[in-house]
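To keep things clear, I will list the structure first and then write my remarks on it.
Indexing begins at 1, ligand by ligand and atom by atom, following the structure's order. Because the structure is predicted, anything quoted here is derived from the model rather than measured.
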Amino acid sequence: MEYEHVRAVDPDIADALEDEVTRQEETLAMIASENHVSKAVLEAQSSVLTNKYAEGYPGKRYYGGCANADAVEEKAIEYAKELWGADHVNVQPHSGSSANMGVYLAVLDPGDKILSLDLTHGGHLSHGHPANFTGQTYEVEQYEVDPETGRIDYDEVRAHAEEFEPDIIVSGYSAYPRDVDWEAIQEAADAVDALHLADIAHITGLVAAGVHSSPVGVADFVTGSTHKTIRAGRGGIIMCDEEYASDIDKAVFPGTQGGPLMHNVAGKAVGFKEALQPEFTEYAEQTVANAKVLGEELADHGFELVSGGTDNHLVLVDLRPSHPDTTGGDAEEALEDVGIVLNGNTVPGETRSAFNPSGIRAGTPALTTRGFDEEDMRVVADCIARVIDHPEDTDVKADVAETVADLCDANPLYR
Ligand code: DSN
């Protein structure tokens, strides 16, 4: 992949873009929120729709010349409805966080109460963290996972809701390896007359393929990002029942955004169309199967998995029992040296800090896109274990780097 027109303008930027293609080709992307989109999605995202302003919605725009923008957005909405079975879909949010912002603006007033999962237990900044606008605008209390099981204790969530009486309960997580019982959260919300926002940012693709239970039709609002497991153009999405359609649309535009990023909406439409093909279900099933094997193999190598395993696309490893002197940051750095890219992550009961956490999070969506199967994941788990066990051993690291290079060669990406 070459960037000849960029090179003519600025060789440094062209170098960085081409180096990034090489980096993605030659390393294992195991950040659980990342994926590799198809060339079709890339093409749509880099299309001339980047030039177009299209404030409003299909058929009701504030600018002329929107016929093609309308056609693209209508398709994105149609495909999204088919993928997730939602009554109403807004495909304009610029990101998952923007999608959440749209929901909060639509139904909450400043000072209203949010009950959500703590960030260090797997939640997300936009669910009420003090450093985020949500923590500064609303009154927030947070639930935690059960310290023994690493899983959400739904009775505890309900008890917390009865005591706190939130206006909205947020479910859906960024570092939670287990299936979510949306109905149980809904029951907690019903018990206190609260709304329920399910943020499926990480698992949009798994839900669309039916390999994870769906909150659509259960929660009042379902938000997501569109570039993670669903592998479409970058951005966010909001789904809801028809009764909230107008409030949600107004909250996205003009409430929190101006012109939609129509090139990204085109990328969403193309990725959604790809996800409607039968092969996508196989992809999602393989993503989960790969994560399961990754978790089992890491456990066999002595690592402690939060909740003991995984039902979805990610594993969360608490390094403290097996490697008390190794932080998530240390592990992230040593693994990047050999071409395995993942992130240090906080774990439930975190004793360090978000910047220097005690765990690592590893996901399989991107590797599965490249064609990795269970056998490959056994090799990857072995590589991870060897490097974390011997972070200073240059022979081990050289050997692992060679294995990583072989895996990448055998599973090319954009070549
Ligand atoms: N940055 C994403 C993640 O890694 O989970 C969430 O926004």
Checklist entry - Short question: side chain of E144, backbone of D118 - any donor-acceptor pair under 3.5 Å? => result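 Not confirmed, E144 side chain does not pair with D118 backbone.
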Item to check | Y57 side-chain N/O to D249 backbone N/O, donor-acceptor pair under 3.5 Å | outcome: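 Looks like yes, one N/O pair under 3.5 Å.
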Checklist entry - So, Y62 versus F253, ring centres under 6.0 angstrom or not? => result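 Centroid distance Y62-F253: below 6.0 Å, so yes.
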Show which atoms of ligand 1 fall inside a sub-4.0 Å distance from at least one heavy-atom site of [X].
X    : answer
K228 : 6 (C), 7 (O)
H124 : 6 (C), 7 (O)
H202 : 3 (C), 5 (O)
R361 : 3 (C), 4 (O), 5 (O)
S33  : 2 (C), 3 (C), 4 (O), 5 (O)

Next on the checklist: Under a plain distance cut-off of 3.5 Å, with no hydrogens placed, do H127 and D199 share a side-chain donor-acceptor pair?
Outcome noted: yes
Checklist entry - Going by atom types alone, do H196 and Q186 pair a side-chain donor with an acceptor below 3.5 Å? => result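 Checked: H196/Q186 side chains pair up, N/O donor to acceptor below 3.5 Å.
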